[in-house]
Enquirer: 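Before I ask anything, here is the structure I am working with.
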Amino acid sequence: MKEMKYHAYTLHNYKEIPQLKKLSESSLEAIEVVGHVLPFKSNNYVVDELIDWNNVPEDPMFTLTFPRKGMLTNATYKEVLKLLDKADNEKLEKKIYEIRMSLNPNPAGQEHNVPVMEGNKLHGIQHKYRETVLFFPSQGQTCHAYCSFCFRWTQFSGINELKFAMKEADLLHKYLLKHPKVTDILFTGGDPLTVNAKILSAYIEPLLSKEFSHIRNIRIGSKTLSYWPYRFLTDKDADDLLRLFEKVNKAGKHLAFQAHFNHPVELSTEAVKLAIQRIRNTGTQIRTQSPLLKNINDDAKIWANMWREQVALGLIPYYMFVARDTGAKAFFELPLEKAWDIFRKAYSSVSGICRTVRGPSMSATPGKIQILGITEVKGEKVFVLRFLQCRNPQFVDIPFFAAYDPKATWFDQLKPAFGEENFFFETNELMTKKESDSDFLWE
Ligand SMILES: *Cc1c(COP(=O)(O)O)cnc(C)c1O
Ligand code: SF4
């Protein structure tokens, strides 16, 4: 296969994209205005192979990586436009910072889950659930393109104090040695597969030795299959990366590739199909997840098709998430009732083999909360919920109820049903502790 050269498009060079002549003046203006506030990056694969330029700006793949007008409120949009026209850079930068801070840059209390070891905060690690440690390699705090809905957008926009990145693989390994209950390490980002194979090996290979026998599953969360499948085909270290995958599997660990796909179009190119095949040939299992997003995939048929196609390609549908309450949320958010309706319609229209998927799930401060449905209990309409993941593992899988609210889009807008004051978990000490001193939490 002939080598594909990666080429990023950002606010600085997007005007070079030939297909942009298909866009109206107002859509072009939106790229300029919104692109100054929310990080913007696309690339030649997304532009040439995924976006249907006869359908812009509504095209879901266009909307996934390009700024659209509705991603800012009207008032904010006008303010930024005015400052851009005046070319007053100082004022503009101040305004942009202000706007970013108002967009809930760090949702769901992620900073609460940074563990402490020997008195030091480990900023590249999040340990929220007993079995699984999240690791953010500092070199992987970027992606092959930026999703316009991304909840990690602050990591790309230079708000430094919010970066979770950590330099030392050493600290990660020390931490894991101290926590024998951890079975899973999940490499995340950004996208950890923006990191070269050599550096990834430095993080991963030591975990294959005997002292890490408690680590059973090495997981990599990545959107690279959909944004740059050539990472597994023709990039310089593509073969080295696949050999690393193979090594993990041969060492008797499960290498779990958590692939992010938001739309079936991302599964349709020759490049992605070949890349999937190559990854699967290393013994790696690919599972899939995506948020539910208005203007991108808010239709049960899209999800049913996506799951069917994934299964056909040997992937396992894993999670459907509710879009997070951050960034351009008004553009993407759906009422929880609608989210459940889409999930149920899609889930009930596929065979059991696709129903490994769980959702819709909100990654909220207390844990991953699934909307099981809406029903009536003694004349009161309620949401039925359960934890798929919880800071306190004892609460997982116990159904609980919230008062029905047709407008609610996120867990923090829900109130306990039946006039109760608290949800059953809210008074529990494990749930309210801020500093996640994991030794204390899970003994
Ligand atoms: C989702 C998530 C995990 C992994 O959960 P699984 O249900 O095992 O896939 C781990 N840590 C955090 C903070 C998460 O949000
Ligand atoms: S791939 Fe993931 S981390 Fe990267 S921009 Fe998209 S949602 Fe954010």
Side-chain angles (χ1 to χ4, degrees), residues 107-117 121-122 124-136 151 164 172-188 207 212-221 253-256 258 285 287 289 316-322 324 355-373 383-402 410-412 414 416-417 420 422-443:
Q110 294 178 72
E111 76 282 9
H112 292 174
N113 308 304
V114 175
V116 178
M117 187 170 67
K121 274 195 159 191
L122 303 176
I125 292 178
Q126 258 187 59
H127 192 182
K128 180 167 175 175
Y129 308 131
R130 185 178 57 198
E131 289 82 10
T132 303
V133 163
L134 259 53
F135 179 64
F136 300 72
F151 75 93
F164 292 112
L172 168 70
H173 296 143
K174 263 195 198 142
Y175 185 80
L176 293 177
L177 281 178
K178 279 198 171 174
H179 292 85
K181 284 186 185 155
V182 174
T183 57
D184 290 37
I185 164 96
L186 171 50
F187 290 85
T188 177
L207 298 172
F212 292 101
S213 58
H214 58 298
I215 306 295
R216 307 300 301 267
N217 306 308
I218 296 179
R219 300 165 41 166
I220 296 177
K253 312 258 188 212
H254 174 49
L255 183 62
Q258 313 254 159
Q285 179 64 62
R287 292 175 181 76
Q289 60 192 52
I316 301 178
Y318 190 64
Y319 273 137
M320 176 205 268
F321 294 120
V322 178
R324 290 211 190 221
R355 293 188 194 169
T356 46
V357 67
R358 291 161 302 154
S361 167
M362 292 172 276
S363 293
T365 307
K368 279 192 172 66
I369 300 170
Q370 182 185 19
I371 303 154
L372 283 171
F383 282 110
V384 187
L385 309 166
R386 70 162 169 168
F387 283 109
L388 292 171
Q389 283 289 1
C390 185
R391 289 186 67 173
N392 184 344
Q394 290 176 359
F395 296 156
V396 169
D397 207 27
I398 299 173
F400 64 101
F401 301 95
W410 194 252
F411 180 68
D412 61 4
L414 296 181
E420 278 166 23
N422 292 307
F423 288 110
F424 78 104
F425 55 88
E426 279 181 323
T427 47
N428 183 272
E429 195 196 351
L430 286 188
M431 302 295 288
T432 50
K433 200 171 176 336
K434 289 229 182 335
E435 214 63 343
S436 117
D437 181 348
S438 34
D439 291 325
F440 167 84
L441 271 176
W442 297 303
E443 276 319 297

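Excluded from the calculations below are hydrogen atoms, water molecules and symmetry mates; all remaining heavy atoms, backbone and side chain alike, are included.
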Enquirer: Is it true that a side-chain atom of Thr356 and a backbone atom of Pro317 form a donor plus acceptor pair closer than 3.5 Å?
Expert: yes

Enquirer: Once rounded to the nearest 0.5 Å, what's the spacing between atom NZ of Lys181 and atom NE2 of His127?
Expert: 10.0 Å

Enquirer: Evaluate the side-chain proximity of Leu385 to Ile371: yes if any heavy-atom separation is below 4.5 Å, no if none is.
Expert: yes

Enquirer: Of all the heavy-atom pairs spanning Phe411 and Pro366, show the shortest one and how long it is.
Expert: CE2-CG, 4.1 Å

Enquirer: Return the CD1 to CD1 distance between Ile185 and Ile125, rounded to the nearest 0.5 Å.
Expert: 7.0 Å

Enquirer: Ignoring hydrogens, what is the shortest heavy-atom contact between Trp410 and Arg324? Give both atom names and the distance.
Expert: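 Minimum heavy-atom separation between Trp410 and Arg324: CZ3-CA, 3.9 Å.
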
Enquirer: Compare every heavy atom of Phe321 with every heavy atom of Gln289, then report the nearest pair and how far apart it is.
Expert: NE2-CE1, 3.6 Å

Enquirer: What distance separates Phe387 CZ from Met362 CE, expressed to the nearest 0.5 Å?
Expert: 9.5 Å

Enquirer: Could you go through the side-chain contact (heavy atoms from CB on, under 4.5 Å) check for Cys390 and Met431 one step at a time?
Expert: CA-CA 9 Å; Cys390 185; Met431 302 295 288; 3.6 Å; yes

Enquirer: Determine whether more than 12 heavy atoms belonging to other residues, nucleotides or ligands lie under 6.0 Å from atom CZ of Arg216.
Expert: no

Enquirer: Check for a donor-acceptor pair, side chain of His179 on one end and backbone N or O of Arg130 on the other, with a separation under 3.5 Å.
Expert: no

Enquirer: Let me confirm one number: the CD-CD distance from Glu420 to Glu426, rounded to the nearest 0.5 Å.
Expert: 11.0 Å

Enquirer: Show the nearest heavy-atom pair for residues Val384 and Pro399, with the distance to one decimal.
Expert: CG1-CB, 4.4 Å

Enquirer: Could you check whether any side-chain heavy atom of Phe212 comes within less than 4.5 Å of a side-chain heavy atom of His173, counting everything from C-beta outward?
Expert: yes

Enquirer: Which heavy-atom pair separates Met320 from Val357 by the least distance, and what is that distance?
Expert: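 Met320 and Val357 have their closest heavy atoms at N-CG2, 4.0 Å.
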
Enquirer: Could you tell me if the side chain of Arg391 sits less than 4.5 Å from the side chain of Phe425, heavy atoms only?
Expert: no

Enquirer: Do Leu134 and Asn113 have side chains that approach each other closer than 4.5 Å (heavy atoms only, starting at C-beta)?
Expert: no

Enquirer: Nearest 0.5 Å, what's the CD1-CG distance between Ile215 and Leu176?
Expert: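 Here the rounded value is 4.5 Å.
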
Enquirer: Answer yes or no: is there a side-chain heavy-atom contact under 4.5 Å between Phe400 and Ile369?
Expert: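 Yes - at least one pair of side-chain heavy atoms lies under 4.5 Å apart.
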
Enquirer: Any side-chain heavy atom of Thr188 sitting closer than 4.5 Å to one from Arg219?
Expert: no

Enquirer: Are the side chain of Lys121 and the backbone of Val114 linked by a donor-acceptor contact shorter than 3.5 Å?
Expert: no

Enquirer: To the nearest 0.5 Å, what is the distance between NE2 (His214) and CG (Leu177)?
Expert: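 Going from NE2 on His214 over to CG on Leu177, the span is 6.0 Å.
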
Enquirer: Counting N and O atoms only, with roles assigned by atom type, does the side chain of Glu131 sit under 3.5 Å from a partner on the main chain of Val182, one being a donor and the other an acceptor?
Expert: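 Such a contact is absent between Glu131 side chain and Val182 backbone.
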
Enquirer: What are the two closest non-hydrogen atoms of Ser361 and Lys368, and how far apart are they?
Expert: OG-CB, 3.7 Å

Enquirer: Decide if the gap between the ring center of Phe423 and the ring center of Phe395 is smaller than 6.0 angstrom.
Expert: no

